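What follows is a single structure, written as structure tokens, with notes after it.
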Amino acid sequence: MSRYNAREVEPKWQKVWENAQAFRTRNDSPKPKYYVLEMFPYPSGKIHIGHGRNYVMGDVVARFKRAMGFNVLHPMGWDAFGLPAENAAMEQKIDPAKWTYANIATMKAQLKVLGLSLDWSREFATCDPGYYKHQQKLFLDFYRLGLAHRKESYVNWDPIDHTVLANEQVIDGRGWRSGAEVEQRKLTQWFFRVSDMAEELLSALDDLPRWPEKVRTMQRNWIGKSEGANVMFALTNSPIPSLEIFTTRPDTLFGASFCAVAADHPLAQAIAKNNADAAAFIAECKHLGTSAAEIEKAEKKGFDTGARAKHPFIAGRDLPVYIANFVLMEYGLGAIFGCPAHDQRDLDFARQYQLPIRPVVIPSSEKADEFMVGTEAYVGDGRLENSDFLNGLSVDDAKRSIIDRLEKMGIGKRTITYRLRDWGVSRQRFWGCPIPMIHCGKCGVVPVPEKDLPVKLPTDATFDQPGNALDHHPTWKHVDCPQCKGKARRETDTMDTFVDSAWYFARFADPTAEAPVNREAVDYWLPVDQYIGGIEHAILHLLYARWFTRAMKLGGYTKASEPFAGLFTQGMITHETYKDPDGKSLFPEEVEKRDGVAIKRGTNVAVTIGATEKMSKSLKNVVPPEVIADSYGVDAARWFLMSDSPPERDSEWSEAGIEGAWRYVQRVWRTVNEAAETLPALGAPMPAKFNPSATALRQATHRTIAAVTSDLEQFRFNKGVARLYEFAKAIESFEPATADDHWALREALESWIMLISPMMPHLAEEAWQLLGSKTLVVDAAWPKADPDLTRQDTVTIAIQIDGKRRAEIEMPKDSAAKAVETAVLDVDAVRKAIDGRKIKKVIIVPNRIANVVMEQSGV
RNA sequence: GCCCUCUUGGCGGAACUGGUAGACGCAACGGACUUAAAAUCCGUUGUUCGAAAGGACGUGCCGGUUCGAGUCCGGCAGAGGGCACCA
């Protein structure tokens, strides 16, 4: 018998599927719809098997749902705008479009090797004018609806390269190319009004039960709803008479020892006008860049403005007013009061500037006059002390009470604040979707007329200087004003690439639509039933897509509010890293292992095995799918990717693992081959009776069907794979003697092939054919488990004495508790363990466990 | 710094809603088949005490709740993801 030859078999079936247009999806099917989508890739160059896991997972779901009778949409496209293309343009003098489309061609070929059940007829790239034209139309609609507007905000500015930097291009506060200290610079930019929908985006999370709880928690925290109060402080020695602050802890007002404002707060700006030191400090704050992580990690610093804030309740207590580097203008009012005893940042700040620390919330276990705050602020609940009319109240009661009082006095009010900010979509870059706006000296900001869309990127831009090539282009931005026909200037900012990915899933419903979406198609397909992607997108991409879908709804494009009904976040694929003696990284294919020692292939040079890390180009620990396809076949790779690790966790790619999978491929092939000739004809009628061993096989078959079906429904691919290993054993150890036995064997084999088919589709087709079928597995229905054969009649009940397992007993399923107790107490080992002691009680958990609890003998 | 998650044998992991910890796979070891190798098949494999029967310990660490905790609660440690211009 010949071996299974994946290298021949796999391309053969891929061709068959393609010729049959097996995965082409209709928008008008009578079947129920199921939309499965993996986050589309950025065409960075090549995919590795780590990307493969994401697509294979989606493919398993797609094939499984198809067999279950759904009209499945499983499309693929390219998130094609982004920084790497521009970097390549600068470094290699290659046109970003050429670079991008070349990468797409390479990666598409690689994806095809994986044998994915994709409807390639719906493919598009976000850098196609045919796609971004519609994005520009949506932008104009959002502008008309007041969802897009302009305002000032800060960017990272490189003063040497005269260019705006992304956060990842700022390294230790310096520009990655120039090394210059980065400054914050104010620009007028386009924003989407995301914060207006904060409450809706927050409350609707409760209606997404098929999202991981942790992602919903992260989004909730990101939106960051907090209830608190705005409080007005009267100022002395200040250019402005009063300061309004926001606090979530008004209850700690009596413990206040300072106020602080952000560097760009009007008070700070006003003081800096006549105070060079203040201006210098503000300038220093601006050198931190715009990244929140940088700002928060930096040492807490402040500048005493000399202004004093009057405490609203304590006569004579004047609080110093600082400009502080940890207060953000974007959150609340850009001004706070500090209570060091009950807030960690305030405490760090107070220690540095020797400000008083006054505890006002005392933990219930402590005495008010003894309670001290050391290096950690006390942020828990307790009772209020040293707080006049709040004394004795809990934190919550104190908040209510003091806000009521502040409101009555007219110097404060109850406020709800969200951390969520508007979405800044302007990017000072070439390789993105042009913002379809025109700036006219007379008419101001004028939208590009719809008939002039798309505003296309020029094809002759040059990248010999840093900065926005669109802005540098000699002619592109010069245009006549659509209103007054006078000379005007195009907007040279392009859109954030998160905009591209905020609606691509809707375009897949009908990528040929004249409008951004085909209303009928999008209403049929949305929401996506199962979205699959990395946890790294848990907040931004998913939140933006949720907002964008609502904005499209307001524009009349869809009835859906939520884009993704089900979400699964998969873990990453990791691999060992290798370094040669010079410390240079090596690709896995450059390394061979001899007697457990790693050596550079074809040499005697020793290789150091480094940490196991997420597969990435920079570490070179990547395995390309076509290499695996050539050696083990893509089915083995798909099987391995779905086995072992639970899909939400990281998983290590190893040579041993793929070999194990490959052995299973051979095993399936051999078993089907050996049995094929003895089997009854396809579709032979079921015998009326089976002997016990055939019945046992049939039970294994139907139990496996039931288990694997539920495992796949629940994304527990690794468990499904484990059950299919067990089932293989059951089939192999079965020795058919009669014709009826062979019927049971055929049933087992057919079921087996169907159950492995989502994971190993090529092998399944080949084996299916071997069993005599003239139709394709991709057109076959998923097997159904017969409840009569999955039922369990007896159960094993574990017996514990005082919670420790001592014996077990077989009982009929659902035996009465009394009967179980009697049987348990009659077991020899139990009697011996009891040893004449007194039984306190017997706990019976039906079908599971019996625990005999003894009286404690006095010690 | 802040938010979120994870931690179970030599390794990846299983254990349904608090009810027999270690399914299944990998690796290792022993054996069968073979002139030999490959392939395949069978067996053993958490640690420890014991000749065995059997016992003790054991799910990152410390503590708690419970008849019973990998699972729930509090604290600690380590690893990972995100922090708004990487995608």
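What you are looking at is a predicted structure, and each value in this text was computed from that prediction instead of being measured.
- The nucleotide whose nearest atom lies closest to any side-chain atom of Gln189(A) is, among rA14(B), rC67(B), rC85(B), rC85(B).
- For Ser645(A), the side-chain atoms get nearest to rG13(B) when compared with the rest of rG13(B), rC85(B), rG19(B).
- Atom CZ in Arg805(A) sits roughly 15 Å away from atom C1' in rA56(B) (whole-Å rounding).
- For the pair Glu648(A) CD and rG13(B) C1', the computed distance is 11 Å after rounding to whole Å.
- rC57(B) is paired with rG46(B) under the Watson-Crick or G-U wobble criterion, all donor-acceptor distances under 3.5 Å.
- Using a 4.0 Å cut-off between charged side-chain N and carboxylate O, Arg723(A) and Asp711(A) make a salt bridge.
- The phosphate of rC85(B) has OP1 or OP2 within less than 4.0 Å of a side-chain N or O from Arg427(A).
- Here rC24(B) presents its P atom at 22 Å from CZ of Phe717(A), a figure rounded to the nearest Å.
- Across every strand in view, rU40(B) sits in a pair with rA32(B) that passes the Watson-Crick or G-U test at under 3.5 angstrom.
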For nucleotides 25-33 of chain B, list the nitrogen or oxygen atoms of the protein found under 3.5 Å from its nitrogen or oxygen atoms, one pair per line.
from: rC26(B); atom 1: OP1; to: Arg663(A); atom 2: NH2; distance (Å): 3.3
from: rA27(B); atom 1: OP2; to: Arg663(A); atom 2: NH2; distance (Å): 3.4

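- Less than 4.0 Å separates RNA chain B from at least one heavy atom of each of the following residues of residues 534-543 of chain A: Ile535(A), Glu536(A), His537(A), Ile539(A), Leu540(A).
- No side-chain donor-acceptor contact under 3.5 Å links Thr417(A) to the backbone of Ser226(A).
- Annotation for Ser651(A) and Ser645(A): closest pair OG-OG, 3.3 Å, computed over non-hydrogen atoms.
- Annotation: Lys151(A), atom NZ; neighbour count of heavy atoms from other residues, nucleotides and ligands within 6.0 Å is above 12.
- Remark: P of rU40(B) and OH of Tyr4(A) are 17 Å apart, rounded to the nearest angstrom.
- Anti is the conformation of rG81(B), whose glycosidic angle sits further than 90° from 0.
- In this structure, Gln714(A) places its CD atom 13 Å from P of rA14(B), rounding to the nearest Å.
- Counting distance only, with no hydrogens placed and no angle test, the side-chain atoms of Gln800(A) and the base atoms of rC67(B) include no donor-acceptor pair under 3.5 Å.
- A close approach under 4.0 Å does not occur between any side-chain nitrogen or oxygen of Lys841(A) and OP1 or OP2 of rG68(B).
- As rounded to whole Å, 14 Å separates atom C1' of rC83(B) from atom CD of Gln219(A).
- In this entry the distance linking CD of Glu38(A) with P of rA87(B) reads 21 Å, nearest Å.
- A donor and an acceptor atom, one from each side chain of Asp158(A) and Thr163(A), are nowhere located under 3.5 Å apart.
- Pairing for rG12(B) is with rC24(B), a Watson-Crick or G-U wobble pair whose two hydrogen-bonding atom distances lie under 3.5 Å.
- Below 30°, between 30° and 60°, or above 60°: for Tyr4(A) and Trp669(A) the angle between ring planes is between 30° and 60°, a tilted geometry.
- Taking 4.0 Å as the cut-off between side-chain N and carboxylate O, Arg670(A) and Glu732(A) do not count as a salt-bridged pair.
- The aromatic rings of Phe727(A) and Trp752(A) lie perpendicular to each other, with more than 60° between the two planes, well past the 30° mark.
- Ion pair Glu213(A)/Arg220(A) flagged as a salt bridge, since at least one NZ, NE, NH1 or NH2 atom sits closer than 4.0 Å to an Asp/Glu carboxylate oxygen.
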Kindly give the atom pairs (protein nitrogen or oxygen, nucleotide nitrogen or oxygen) under 3.5 Å for nucleotides 2-9 of chain B.
from: rC3(B); atom 1: O3'; to: Asn221(A); atom 2: ND2; distance (Å): 3.0
from: rC3(B); atom 1: O2'; to: Asn221(A); atom 2: ND2; distance (Å): 2.7
from: rU7(B); atom 1: OP1; to: Arg649(A); atom 2: NH2; distance (Å): 3.1

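- Other residues, nucleotides and ligands contribute only 12 or fewer heavy atoms inside 6.0 Å of the CD atom of Glu735(A).
- When the P atom of rG12(B) is taken as reference, atom CZ of Arg53(A) falls 14 Å away, rounded to whole Å.
- Classification of Arg351(A) and Asp348(A) as a salt-bridged pair fails, no side-chain N sitting under 4.0 Å from a carboxylate O.
- Checking the phosphate oxygens (OP1, OP2) of rA15(B), a side-chain nitrogen or oxygen of Arg716(A) falls inside 4.0 Å.
- A sub-4.0 Å separation between OP1 or OP2 of rC24(B) and a side-chain N or O of Asn718(A) is absent.
- Comparing atom distances between the Phe498(A) side chain and each of rA14(B), rA87(B), rG19(B) picks out rA87(B) as nearest.
- Under 3.5 Å, the side chains of Trp211(A) and Gln219(A) contain no donor-acceptor pair of N or O atoms.
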